[in-house]
Q: 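Before anything else, here's the structure in question.
Just so it is clear, the values below take in all heavy atoms, side chains as well, and ignore hydrogens, waters and symmetry mates. So that the names make sense, note that chain A is the first sequence line, chain B the second, and so on, each numbered from 1.
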Amino acid sequence: MDKHTSKILVTSGLPYANGPIHLGHLVEYIQTDIWVRFQRLRGRDCIFVCGSDAHGTPIMLQAREEGISAEEMVVTYQQEHQRDLGRFMVEFDNFYTTHSEENRELVEEIYHRLTERNLIERRVIEQAYDEEAGMFLPDRFIRGTCPVCGAEDQYGDSCEVCGATYSPGEIRDPKSILSGAPPVLKESEHVFFRLGEFEAMLKNWTANGAVDTGVARKLDEWFDAGLRDWDISRDAPYFGFQIPDTEDKFFYVWLDAPVGYLASFKNLCDSRTDLNFEEYFEPGSQTELYHFIGKDIIYFHALFWPAVLEGAKYRLPTAIFAHGFLTVNGQKMSKSRGTFISAAAYLEHLDPEYLRYYYAVKLGSGIEDIDLNLDDFVARTNSDLVGKLVNIASRCAGFISKNFDGRLSDQLENPALQEEFVNAAVSIEACYEHRQYSKATREIMKLADRANQYIDERKPWVLARNEKTAAEVQNVCTQGLNLFRVLMIYLKPVLPELAKKTEEFLGIDALSWADLAEPVLGRSIQPYRPMMLRVDDKAVSALVEALQEPA
RNA sequence: GGUGAUGUAGCUCAGUUGGUUAGAGCGGCGGACUCAUAACCCGCAGGUCGGUGGUUCAAAUCCACCCAUCACCA
């Protein structure tokens, strides 16, 4: 398989359809989008799908509380998610939903295949039940006193005070958060997936490049403990897909959520003649499949999901890319602290490209958390993007417009310097490929410094004053603008809008990686207009203030 | 409680397989310039690398324990 010609399918985690997109979500969508745009910029065939995660108890109950149907709520959030992500220039080929016919069919198909291969088993389990609400209770819906440290009002599965984990049967004085009634134990038949059958396959898969080493080490915990069967069913009432051959059993949301990747892609295939679902998902497919996810859902994607795919005779993901969480000013995002920033709230005050750049500057390939420090955000964006990058174009363009009728010269003043900039592509390309955007942007900004130094050395404003040297100004500024153009090719995955403005300014076609080879010479450019405005720290203050007002 | 990740200058981060006086950007201070969105250029000052102990001729880098933060525990 030639790694550089095969087709790529990429997914981001599906946002849960019970709340708005916030800046934490955006770490992942921006990370993925940059990677996808980079692949496309290099000319690779790369499809990017996503959608809303629609099922489960929280959505069912929230819809009930709001007096609307779950279906209605899910559609509303799906549209909102799509809108907000689009405004951040996240360029999906399709944004769908897990509550779709495609997903139902795929989930049922997978279930049938698993059943045929004897990978499904039923057995009766005991579970907490709320007699007043008339439903089984997820662990999170039970609160009580921690059996370890005695802290009151703790979740049914873990204590936030002492960190202990336990089963809901162990908690003292348990109460349902739905009705307040003490839960009773009740038997119910559940459907299990025989995960243990896949231990050898999973160990092999994770050890051979599907996950990074840090993630692999974490997964060893599961392998060491031994893989247990996975409960893939939930009792009614539940918002999800009913399990065939049952009256009141539904597929657990975490079974159908990743299948949603396939469903979204299937939905896309059905609307296009150039895409073939089987080519991407049949066993031994020559295409590449990547899932970008948060570190919190590694288990589902690196254990359950590949096992389900293998069991149902689909191809395995090529790799799982996990990232860390977002903190704001060094702390967890929190509504009470006024640091819970929704995508929509951000957009009322600030340009999405600022955030895309800031995240790029912070993102590496690992699962460390990244911090959005608002003061640093303002300083970094203004310094890098306006002070250094755009400044290159800004300081060269005036001379070309005023002294040379907007025309670039036919040659570069310093071809060696141009070559130095173009040669950086090898390293920058590798950084993007390995999701080391922080390293990529560091290298690019170093080049931006170099470009400003060059202009400072050649001093076109001095050359322009002397009749003998006035002609050199055109060459120097043409050089400067070509250096800028190279930098904009490198940054196009991160800053698509700025790249577009650059294309308009230079009067050229859409930039791609291949355009590094030839400089733009001997043509007319547009008069320069500011391409990016400085971040006003008052806008940031206004955003923060707006968040602190009680909604 | 268990597992994994993280903890380096005021801020945000780099530091390859342990090896000369620990680096960058921003901020601060000083200088220069005036083409540029008070931008850019040159220079300076800032750190006992979370803590303790250990291995080594030599550790931010390896080992042990501890502390803090984040995540997960089907």
Q: What's the CG-P distance between A:Asp296 and B:A71, to the nearest Å?
A: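 My rounded result for the distance is 9 Å.
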Q: Think A:Arg234 forms a cation-pi with A:Phe251, using NZ or CZ under 6.0 Å from the six-ring centre and within 45 degrees of its axis?
A: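 The answer is no, since A:Arg234 fails at least one limit relative to A:Phe251.
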Q: Considering only side-chain heavy atoms of A:Arg534, which listed nucleotide, B:A36, B:U37, B:U34, is closest?
A: B:U37
Q: Would you say the side-chain atoms of A:Tyr261 and A:His301 include a donor-acceptor pair closer than 3.5 Å?
A: yes
Q: Which donor-acceptor pairs under 3.5 Å do the side chains of residues 214-224 of chain A make with protein atoms, sequence neighbours left out?
A:
| residue | atom | partner | partner atom | Å |
| --- | --- | --- | --- | --- |
| A:Lys218 | NZ | A:Glu221 | OE1 | 2.7 |
| A:Lys218 | NZ | A:Tyr299 | OH | 3.1 |

Q: Answer yes or no: does a side-chain N or O of A:Gln436 lie under 4.0 Å from OP1 or OP2 of B:A14?
A: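 For B:A14, OP1/OP2 do not have a side-chain N/O of A:Gln436 under 4.0 Å.
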Q: Tell me whether A:Arg485 forms a cation-pi arrangement with A:Phe421, defined as NZ or CZ under 6.0 Å from the six-membered ring centre and within 45 degrees of its axis.
A: no
Q: Going through the distances and angles, do A:Phe250 and A:Phe239 end up as a ring-ring contact (aromatic ring centres under 6.0 Å, His included)?
A: CA-CA 8 Å; A:Phe250 291 81; A:Phe239 183 52; 9.0 Å; no
Q: Going by the side chain to side chain donor-acceptor pair (under 3.5 Å) test, name the single residue among A:Arg395, A:Glu457, A:Lys388 that passes it with A:Asn452.
A: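 Considering A:Arg395, A:Glu457, A:Lys388, a side chain to side chain donor-acceptor pair (under 3.5 Å) with A:Asn452 is found only for A:Arg395.
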Q: When you measure from the side chain of A:Glu221, which nucleotide among B:C41, B:G2, B:C40 comes out closest?
A: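 For A:Glu221, the side-chain atoms sit closest to B:G2.
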Q: Name the pairing partner of B:C35, where a pair is Watson-Crick or G-U wobble with both distances under 3.5 Å, or state none.
A: none
Q: What integer number of Å spans the P atoms of B:G1 and B:C29?
A: 48 Å
Q: Write out a two-atom table: protein N or O, nucleotide N or O from nucleotides 22-32 of chain B, distance below 3.5 Å.
A:
| residue | atom | partner | partner atom | Å |
| --- | --- | --- | --- | --- |
| B:G25 | O3' | A:Lys388 | NZ | 3.4 |

